[in-house]
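A, B, ... follow the sequence lines: proteins, then strands. Residue 1 opens every chain.
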Amino acid sequence: MELQEIIRLLNAEPLVAPEPGHPSSVHDVCAADLLSDILATKKRDFVILTGLVTPQVIRVAEATDALGVVIVRGKTPPEATLEAARKSRIPVWRCSMQLFESCVALAPLIEEKRTKEGVAPT
Amino acid sequence: MRMRIDPVTYTPFHEALYDLRVRDAMSKNLIVLGPEATMLDAQIAMRDHRISGIPIVIDGDKLVGLVSIQDVIEALVANDIHAPVGKWMTEKVYTVREKIPLIQAVKELQKRGFGRLPVLNAEDRLVGMLTNNDVTRAVMLRLNEEARAAEQREADLMARSMSATQERPGIERIEIRVEPMDLDAAGTFAGLVKKAVKKRGVSPDVARRAAIAAYEAEVNVILHSMGGILEAFLSDQDITILSRDRGPGIPNVDEAMKEGFSTANEVVRALGFGAGMGLPNMKRCSDEFSISAPASGTTVTMKILFNPPSQATHQENATEEKT
Ligand SMILES: Nc1ncnc2c1ncn2[C@@H]1O[C@H](COP(=O)(O)OP(=O)(O)OP(=O)(O)O)[C@@H](O)[C@H]1O
Ligand SMILES: [Mg+2]
């Protein structure tokens, strides 16, 4: 799935824009409000959807090779978080949806991924 | 000093009270008088030695009574300060044995409201005096000793890990000390670990597992311990991550290793910690994992191979997303 498509469906605004050459396609999305849940995911090449705004989100994104972070619920992260994101070259967006709503908004992409991978919807 | 022994707030202070015996705390430099001495002699001795009670003995160390300031005052009031101490002393004296635990003597001091207790040996001979001050001093000394011993142990450990590296020049070492609740620093160690393994050209999966294991260990020390040291040792084949802290350890490690078990509070959860996924994930990310968690401190050791025999195993074990 295309990173830009995810951003469009979530109607998200960039806080730290991706640098030129940043991967434009992602494989998955990981939605979580607890850091360890993100750290425990087996997903690869994924984008994080979360209501957390501390610099730790960036540290976790870095550890898991996440391709970006979308902050939900319209929260404004502290400057320290954005600073860390710029330093680690991890793009950050903000959208006004709740975590659950944002997942629903991405449903078409999930369907698309399932079909592509030949997994039947459950 | 007043002490209440409350099993809920059982501290190193109380532990010292149980460990020590009366003879470890009592004063052995005794000021004594014979029964023929006068109450005036007693008053002068108390003033000169700044003590509030004098044991009266015969044959050098057989206790026959005790003269307290109270007794001196009474003699003064009765205008009888030149009388022999034998006339005014308290004859029925509570004593303690030198070998009983200090805690028992403290309870005795408290219960009877005494300022001091004569200490007898097994032959009923006077061998010391015990006051509240003696108790405080002995316990403080013991706690100091323990603190020094703990520091020494930590220094020894550090020296050992240092020398281990020096003996093996091929080993690269990373070290970070962390303070309790210093969440701003969380991720520093993991960042260094990831950079170091990447430099060795390992697969992205290996680098990710090393970073995750390091991060979870680091956060646990910051959140759950009284501070500690995180180290990583990199050889040509693997990285070993060693996390050691100053306690309080984990009462039930099997339970703590289960997914979802967490003692984190609401504040910490609001910051995104406390899923109870850290320890199980650390184990999953490692090729070798061990944990020991006595009250003196938790030690976690994790080894991650740079060329694991089968990359698939770690993925198979990974948990499914819960959302
Ligand atoms: N170094 C430590 N010292 C003392 N207790 C610890 C330590 N590490 C873990 N624990 C205990 O084990 C529990 C489980 O740890 P674990 O890392 O699995 O989860 P967590 O830290 O509570 O949450 P998460 O890691 O998912 O954010 C902790 O809640 C804590 O009670
Ligand atoms: Mg943890």
Check each atom of [X] against the heavy atoms of chain B and say whether the ones under 4.5 Å are side chain, backbone, both or neither.
X     : result
A:E62 : backbone
A:L52 : side chain
A:D65 : both

Taking 4.0 angstrom as the limit, do A:K42 and B:D205 come out as a salt bridge?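 So A:K42 does not pair with B:D205 through a salt bridge.
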What distance do [X] atom [atom1] and [Y] atom [atom2] have between them, rounded to the nearest 0.5 Å?
X      : Y      : atom1 : atom2 : answer
B:L183 : A:Q56  : CG    : CD    : 6.5 Å
A:S36  : B:N220 : OG    : CG    : 8.0 Å
B:N281 : A:I38  : CG    : CD1   : 12.0 Å
B:R209 : A:L39  : CZ    : CG    : 14.5 Å

Which atom names give the shortest non-hydrogen contact between A:A40 and B:R284, and what distance separates them?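 Closest approach of A:A40 to B:R284, heavy atoms only: CB-NH2, 3.7 Å.
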Other residues, nucleotides and ligands only: do more than 12 of their heavy atoms fall within 6.0 Å of [atom1] on [X]?
X      : atom1 : answer
B:D182 : CG    : yes
B:K195 : NZ    : no
B:E266 : CD    : no

Hey, are the side chains of B:F273 and A:L34 touching, using non-hydrogen atoms and a 4.5 Å cut-off?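 No - every pair of side-chain heavy atoms lies 4.5 Å or more apart.
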With heavy-atom distances below 4.5 Å as the criterion, would you say the side chains of B:M277 and A:D37 are in contact?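 In contact.
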For B:A270, is it the side chain, the backbone, both or neither that has a heavy atom under 4.5 Å from a heavy atom of chain A?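 Just the backbone, heavy atoms under 4.5 Å.
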Output the option from B:A207, B:G278, B:A186 having the highest count of non-hydrogen pairs under 4.5 Å with chain A.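 Between B:A207, B:G278, B:A186, the count favours B:A186.
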For the side chain of A:D33 and the backbone of B:G272, is there at least one donor-acceptor N/O pair under 3.5 Å apart?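 The answer is no, because no donor-acceptor pair under 3.5 Å joins these two groups.
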With respect to chain B, which residue among A:V53, A:T64, A:I58, A:T54 yields the maximal number of heavy-atom pairs within a distance under 4.5 Å?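 It is A:T64.
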